[in-house]
Each structure stands twice: as structure tokens, then as C-alpha cells.
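Read the structure below first, then the notes.
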Amino acid sequence: MSEPSAAGAKLSSGQALAAFMVRHGLIIALVVMEIGFAIVEPLVLSPGNLLNIIQQTSYIAVFAAAQMVVIVTRGFDLSLGTTVSAVSVASALVMTGMVANGSTNMPVIMLMGMLTGLGLGLAVGLFNGICVSVLNVNAFVTTLGSLNICFGIATTISDGRPVFDVPREFSGLLYSGTILGVPAPVIIAIVVLIAIHLMLTWTVFGRSLYLIGGNPRAAALAGLPSKRYLTTAYVVCSLLAAVGALMLTARTGSGEPNLGGNVTLQSIAAAVIGGVSLRGGVGGTYAAVLGALFVTALSNCMGLARIDGYIQQIILGCVIIAAIFVDRLRTGAR
Amino acid sequence: MTTVAIEPASVAQPKLALVSRALRRIGFLPALLIVLIVLLVLFEPRFMGMFNIFNVARNSSALLIVASGQMLVLVVGGFDLSVGAVIALTSVVTAKVMAVMLEGAPEDVTLAIIAGVAAGMGCGFVTGLINGACVAFLRISPFMVTLGTSSIATGVALLLTNGIPVYGMPDAFVKDFGRAIWFGLPMPVYVSLSILVLVWIMQRRTTVGRYIHAIGGNVQAAMVSGVNTNFYLILAYTLCGMLASLTSLLLTARLGSGQATMSGNLMLESIAAGVIAGVSLRGGVGRVEMVALSALFLSILTNAMNLLKVNSKIQTIFMGIIVVAAVALDELAKRRSRSAREG
């Protein structure tokens, strides 16, 4: 039997148990946290709030999964947040522009808006991927560069102001719509995450990413088209960021030039807290979702307990360091 | 030849490739800088204005100090994303301590200044120590540690001030120090030049400098050779934090208030300055005099774009492209020298 991930193949039963424990440690921490906060503020465990947490998680989970795809290859994408901003503004501008020009065919307008957003995501992903794989520029520098570039694009085309009057139908489709009572963002997130999961576990491309991240030299020796796969990984990441950006734009109902402010930090934190290793080769959709759930629940609880926003920032910083420390213990145990 | 010998990462390469690379390293940036300055002098009369020159000098001094700290961390193979947050925290703490001390004892100005400066430098020291200890002992990725401490330090700075600027620093600190002109040049120029000389001496003439380079080049080899790698790792991060604090003191003194939002783009610019100066992100390679040149280059470039009234948003795009291009060119040159050697 072949394991879905390179890391899985390396684990013996005892070590698998340790990894199992760490995974469940996060769930235990989540439950303890929820109950702890519920004692202070009973609203935390109300059905309305739990539904709220699930809705919010669906956005962060998409971003965390995007980040996870490149972290697995031993990279990361610092430009994710500003890509979100640029996509949000660009797609909103296209849609409002078409409406202003007298176009009334809503499906076409929304399609063009989404295609613009996804196209921009594709462009950013190609830029990042080609710089990292073909030009051999460090992922940090590349995505730092595209962070600046996307920020510039987002603020230039919007003049630094939000783009209002995004068609109501767009929000109806991607935000307030429901299928069998399940909100649209949750459905989109589930579909996207399943697709990513299948891509990572069932395709040669997906499984190669683990080898490229875990042992680049072995990947090259094995004759994998590393450059093409690596580029594709960055493209997938940015496309997912674009999908998330469209979802967020539908939620706010406007194109926001600083929509992605905290998204980069949150996505990296969520992925790493979930157990994706920055050393590459380890991680999966489950980790991304779990990490996203934890980060969302934490900020939700702190918000309901009326903890000062600045203290929330300090706590998030501590949680990130603690999570890496746990990751370190886990890899140390291997 | 010492310039070549000090780069452990390149020791394995044959002499010829080394020399050509060293030439490229020394030649490219100064040439670009001179072209830029000549163009500006010829076509932009405002560039040579007294006020503008002072501005460029102040900005590049601040960048130089942060960037030389950043360089030390890059040389040991790390990153420091927390310098921006340290600058913010130092600014707030310094201003707050001075203001509170002055309120208690209005005549004791010297004591207030000393306490404020010490508290400010302490912020950088503690943050650097935490960063270094986490990287050295816990072997946590520097990226995540400094991301975490950056979030914490920013949170503390905002918490202390609620985002409102802190006023009430003594005039002796603001007017007589921060905005001082010594021998015709703004005070920060002298501070940054002394830092440049000190770091240069440390890199070239002391064992500390050599060990730091050795760790970045090959941490295993350094450890086996009996270098206390943990100590020097922590030292590099601590120095970086304190240099960031020093920058903050200069900026705070000039501004006259402590601000939690002061750092601006200095974190990104410090890494950009290092990268353009050819500091390798894999560690082991980096020279402070090149970092100084690239800090000057970036400051003049920004100034030129401001004078030409380039939209600040487009400046950001431009800066992003320059950073990526600098590293891409560097990689290309390395690959060419490698294939020239093999072919």
C-alpha cells in the first residue's frame, strides 16, 4: 500500500501514534478553549455562534489550503493577502463598470467579474511560480516582491477607495445564497477543499509536491518535472486565493483595496497550527481546515469575551510560536 | 583578497569563478548608484537642494542602521521580520518613559533621557534575545518566530498607547539631539556611519564576525570546529534588535513623539537593502559596506520617484519588481559562472 504523503510513508506505528496525538491535541485544545470561554460567556456555545464560526472558517480554510499547497513544497506565499485585495478590487471594478455601461445581462456580468479575478490570480501565481522555479529566486523574496506589486495594483486601480455597488446578485450567489439550508460560502469551501484533497492525494502532480518539498534532490533525480510542478503549485495557491477573494467580495458587497490585510498572517498561522511543516513535505487539507477552525474559534471566543483587540494580537503571536514549538517536538520525535 | 576569503559559502568554488563573481559584486551596485545620481543632478535641479539632500541623508541613515542589523541575521541564515515592530515598540516605550519621568521630576531631564533610551534599547534587546533563543535552542524557523514576536511587539505597542501618539519628551532629546545638525550634516548621518564602521570592523577584524559568517555558511561545520553556535546565533538576533531600537530612537527624537505606527516600510526595505547588496538568503554571505550602498541607492531611488511625482502606489510596485529582479540577476550570474566552470 502506498501512503498518500511522503511523510506518511516514513512513519512507523509509534511515530504515527505521536502524530495522531498531536493532531488530536489541537482538537482537545479547541474543545477546552470553547468550554473555558463558554463559562465566562455562555453565548460562545450558542447554535447561532457555532454556525457563525463555521461560516467564518470557510473563508480562512480556503486561504489556509492555498497556503498549504505551497508550504508543502517548502515555500510560502506572502503575497496571498494583497492578491486577495487586488482580485477583490479588479473583479468589483469589472462588474460595476459593465453595469455602468448599461449591460443588464447579470450572469454575463458576474461571469466576467469572476473570470477577471481568477485571471489575475493566475497571473500572480505564474509570476510567483516562474520566479521561484525557473529563475531560482527564494520564495520569500519573490512573494515579498509580488506582495508589493499586488498592493500597488489594488490601490492604484481603485484609487485607494472601496469599489461600491457590486451587483446584489453577486452577493446573492456567493454569500447569502443557500442550498438545502447550507450557506453558499460553506458549500464553496467544501467543494474547493475536496478538490484540493483529491488533487494532493490522488494525482501524480499532488503527490509529487510532497517529494519536491520533502527532498528536492530526490525529486530531481527521480525525473519529476519539478519546475513545472512547482510553478503549478503557486498557480493553484493564487487561484484559490482568488476564489476566496471573490467569496469575501460577495460578503462585503464591495471591492476593498485592503481586504487581504491580515489574510497572509492568518493563512500561514492556520496552516502551521494545523500541522503543516514549514520544512516542506508534510501537510494536508485536514491540517489546513483544522488550523483554520482553531484560529477562527480563537478570535471568535476572544471577541465574544470582549478581549481587547491589541491583546488578541499578542495572544495570536504567542499561539503561533507555541504551535511551531509543538511542530518542532513532533519532528524531533520522528 | 580578504573580501573573497571571508565568504565561506563560496570557498568551495575555484578561484576564477570567485574572482569574476567578486568583481561583479563590487562593480554592479556602485555603477548603478553613480548613474542614478548623475541623472538626477543633470535633470532634476531640486535633487541638489539643501533640504532634499538632508532628507535623503536622514532616510538612508535610518535604513542603513536597520539593514546592517538585518544583514547580521541574514548572514547567520535567518530573517528578522520583527524589526518593524521593534521600531514601533521602542518608539512608544522611550517616549512613554521620558514623559512619565519628566512628569514626576521636571528638572531631572538627563535622568529622564537616560532612562528612556535605556528602556528603548531594552525593547530591542529583549525581542532580539527571544528571537535568538527560540531559533537557537528550540530550532524554530526564524520566519515563524519573528512573525510571532512581531505580532506580540506590535500588540504591546498599540496596547500601551491605544494607537495615540505619545508626546511630552524633553526638548533636550528632540531639538538638541533628534533635529540637530552637526558640522553641516544631520546627526543621524554620524550615528549611522559609526555603526557602519563598527559592524565592518566586527565582520572583518574580529573572531565574532568570522564565527557569524561561519555559522551561516555551514552550521554543522562551525559546530564541529568548536564554535558555540547557539551563542553567536543569539548574538546576531540581539544585535539586530538593538540596531532596530537605535534606528527607532533616532526617528522618535526627530519626530518628537512616540508612535506605534512609526516603522512604515522599514522591515521590507531592510530586507530589500540586504538582498540588493548581495546578502545571500541562504546565509554566510554579506558585507556591510555593500548594504550601506544599497541603503543609499534605495533612499535615492525613492527620493527620485518622489521628486518626479511618481504615485506612491506605483512606487510600491516598482520596489517589488526591483527586489525580485536583483535576486533573479544574482542567481543568473551564479548559474552562469557555474556553467562556465563546468563547460
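Residue numbering restarts at 1 for every chain, and letters A, B, ... go by the order of the sequence lines. Only this structure's heavy atoms are used, side chains among them; waters, hydrogens and symmetry mates stay out. On a predicted model such as this, the values are computed, not experimentally measured, just so you know.
Separating the CD1 atom in I321(A) from the CE atom in M144(B) is a distance of 9.0 Å, to the nearest 0.5 Å.
For the set I311(A), L316(A), I320(A), the count of heavy-atom pairs under 4.5 angstrom toward chain B peaks at I311(A). When each of G148(B), A157(B), A153(B) is scored by its heavy-atom pairs under 4.5 Å with chain A, the top score falls to G148(B).
Contacts of C131(A) with chain B are made by side-chain atoms alone, with heavy-atom separations under 4.5 Å and no backbone atom involved. Interface remark: L147(B) contributes side-chain atoms only to the contact with chain A (heavy atom separation under 4.5 Å). For a residue to count as touching a neighbouring chain, one of its non-hydrogen atoms must lie under 4.5 Å from one of that chain's; by this rule I322(B) does not touch chain A. When heavy atoms are compared at a cutoff of 4.5 Å, L78(A) approaches chain B solely by way of its side chain, counted from C-beta outward. If you measure heavy-atom distances from L81(B) to chain A, the contacts under 4.5 Å come from the side chain alone. Only the side chain of V275(B) has a heavy atom closer than 4.5 Å to any heavy atom of chain A. There is no contact between V132(A) and chain B, counting heavy-atom distances below 4.5 Å. Both the backbone and the side chain of I153(A) come within less than 4.5 Å of a heavy atom of chain B.
Summarising the geometry of A328(B) relative to L135(A), their closest heavy-atom pair is CB-CD1, 4.1 Å, with the distance given to 0.1 Å. Taking both residues in full, the closest heavy atoms of I321(B) and I149(A) are given as CG1-CD1, 3.6 Å, listed atom of the first, atom of the second, then distance.
In the displayed structure, F151(A) atom CZ is contacted under 6.0 Å by at most 12 heavy atoms of other residues, nucleotides or ligands.
Applying the ring pair (Phe, Tyr, Trp, His ring centres under 6.0 Å) rule to pairs touching residues 65-89 of chain A yields F76(A)-F143(B), sequence neighbours excluded.
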Write out the donor-acceptor pairs between chain B and chain A under 3.5 angstrom, atom names and distance to 0.1.
from    : atom 1 : to      : atom 2 : distance (Å)
S151(B) : OG     : Q313(A) : O      : 2.8
R335(B) : NH2    : V134(A) : O      : 3.1

